[in-house]
Amino acid sequence: MNFELTNNWKKLILVSLGLGLVAIGIFPFTWFAIAAISFLLIVYSSGDKYLIPFTIILFLVMTSDFTESYRNYINIFLILLLVYLYLKNFGLSLSYAIKFPKEINYVLALTLFSMLISSLFSENIPFTLLVTFRQIVFFIIVYIYFSFIKDEGAVSFYIGSLIIVSIVLGAVIFYEIISKGLGLFSVQSNSFVQFSGLYSNPNEVGLLLSVSIPMMIAVVLIKRGEQNKFIHLYYFALIFLLVILLLTDSRASIGAVFLSTIFILWKIKPKYLKYVFYSFVLFALIIFLIPVLNEFAGIYFRVGRIFENTRYDIWSMTFKIIKNNFLFGVGPDLYWTKIYSYLPVMLGSFEEHQIWWARTGTAHNFFLFKFAETGIFGFASAVYLFYAFFKISNNIEKKLKDINRKNYLISVAISSVGVGLLARAFLESTGLLTNGWITRDLPFWILFIIAAHFYQNLIVTEKKIEDI
């Protein structure tokens with residue numbers, strides 16, 4: 001299967017806005033949404049080159065929380081579709097598995113080994129083995145997507161699919177705001193309303209934006225360098241996504257995007273960093289000196305909850321779990337079952353309610369989460385994941401800098417996402433290796449396999465040069 005090289009980002013953004021309007025118009029009538037959007041995708045697509053990235057869109061939109069009752073059916077359909085497309089184009093060949101960089105193969109092997117051995121020593125072996133199987137299925141999905149990356153056109157489609165999903169979710173969030181009468185502030189809780197659109201948790205939207213916004217910055221830089229006549233459209237899309245990020249009020253994700261942006265500036269325009277620093281200091285002084293803005297910022301960033309945060313109780317509980325299950329952990333996806341065995345607060349208290357409500361966020365720290373569930377080997381897999389990611393991304397950055405500016409900018413943006421998600425990993429546990437949770441983990445892994453594609457091509461090119 002050959003992808004055609006395309007840079008028609010104007011069409012890409014217009015399609016995403018159109019899908020957003022469809023989602024707004026029919027939300028929350030789930031089956032109408034599925035039928036309408038599927039019809040649009042079929043009409044718009046004219047071959048596998050569109051169908052593959054559109055499965056990414058469907059994984060992230062149609063399997064979100066507003067279709068929770070049908071999520072498993074949609075996931076199964078999309079997985080079978082991907083398997084069919086793979087067999088149609090490659091047969092039973094697994095040649096692309098060999099082409100996976102060894103660093104990624106080590107990540108997969110260490111992750112699955114830690115989950116398997118933890119499952120065998122867990123209290124619920126059938127359930128944990130099922131969770132391990134779910135992680136295997138996720139890695140198969142990642143492998144299939146990697147096998148279809150043939151050229152820069154595929155890379156553009158994959159990145160574009162993440163941006164499309166972000167714009168669609170953003171459009172639904174705007175609809176949510178308008179339908180609630182622009183109610184951005186809750187007097188009852190004395191806090192700003194956090195919006196999540198199709199997802200149940202604003203942090204999920206923030207996670208996606210932590211991936212898509214740095215990539216959108218790369219797109220803007222690429223198009224500006226090409227002097228694209230639609231550059232204002234790209235700027236608008238970037239500003240739109242930034243506004244959506246602020247509306248989620250996800251502090252961890254806002255911090256991740258901020259660090260990613262600083263990283264991109266450091267790599268691309270280091271001289272601008274001083275202006276960012278001066279602007280940040282000036283902005284902080286203005287907020288500090290003007291009482292109204294000071295109060296506004298304090299409420300928005302929930303400053304009062306920084307030193308009295310449920311996360312501290314969760315971390316305390318997690319350390320106790322790790323201490324008593326150091327070697328093998330409690331088992332994949334069994335962390336939440338141990339909450340009341342190690343609860344550090346009084347039963348019936350507000351803190352207990354908050355801990356139980358936040359149980360899907362597990363340990364609110366990626367490294368502690370892997371340690372608690374899959375033991376020392378799981379912790380090793382979490383650390384090695386970032387080692388492998390940065391080894392690959394730094395390598396392609398250095399080698400692409402003087403070869404291909406477009407791919408260099410993409411590689412810098414991918415590295416910046418890693419920097420942001422590493423910082424976020426100390427506050428949130430999802431978005432990297434969440435026991436095969438497609439909606440959470442797929443955006444990061446899409447970028448990881450794009451980096452792997454660049455990395456593998458550079459190795460092949462260097463080998464050919466050496467042979468000559």
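What you see below is based on every heavy atom in this structure, not just the backbone, and it leaves out hydrogens, waters and symmetry mates. Throughout, numbering of the chain's residues begins at 1 and tracks the sequence.
When all heavy atoms of Ile104 and Ile392 are compared, the pair lying nearest together is CG1-CD1, 3.9 Å.
Comment: Glu123 engages Lys338 in a salt bridge, judged by a side-chain N to carboxylate O separation of less than 4.0 angstrom. Arg311 has a carboxylate O that lies under 4.0 Å from a charged side-chain N of Glu428, or vice versa, which qualifies the two as a salt bridge.
Inter-residue side-chain proximity for Phe454 and Asn395 is flagged as unmet; no heavy-atom pair is nearer than 4.5 Å. Contact check for Ile414 versus Phe444: no side-chain heavy atoms found under the 4.5 Å cut-off. Between Leu207 and Arg424 the shortest side-chain heavy-atom distance falls below 4.5 Å.
A side chain to side chain donor-acceptor pair (under 3.5 Å) with Asn435 is found for one member of Glu373, Lys370, Gln135 and no other, namely Glu373.
If you look at Phe157 and Phe54, their ring centroids are not closer than 6.0 Å. Aromatic ring centres of Phe426 and Phe366 lie farther apart than the 6.0 Å criterion allows.
Ring geometry for Phe379 versus Phe367: interplanar angle over 60°, hence perpendicular rather than tilted (30 to 60°). Note: Tyr143 and Tyr86 have tilted aromatic rings, judged against thresholds of 30 and 60 degrees for the angle between ring planes.
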Donor-acceptor pairs are to be reported for all side-chain atoms of residues 258-266 against protein atoms at under 3.5 Å, with residues two or more places apart or in another chain.
unit_1, atom_1, unit_2, atom_2, d
Ser260, OG, Ala256, O, 3.0
Ser260, OG, Ser416, O, 2.7
Thr261, OG1, Val257, O, 2.8

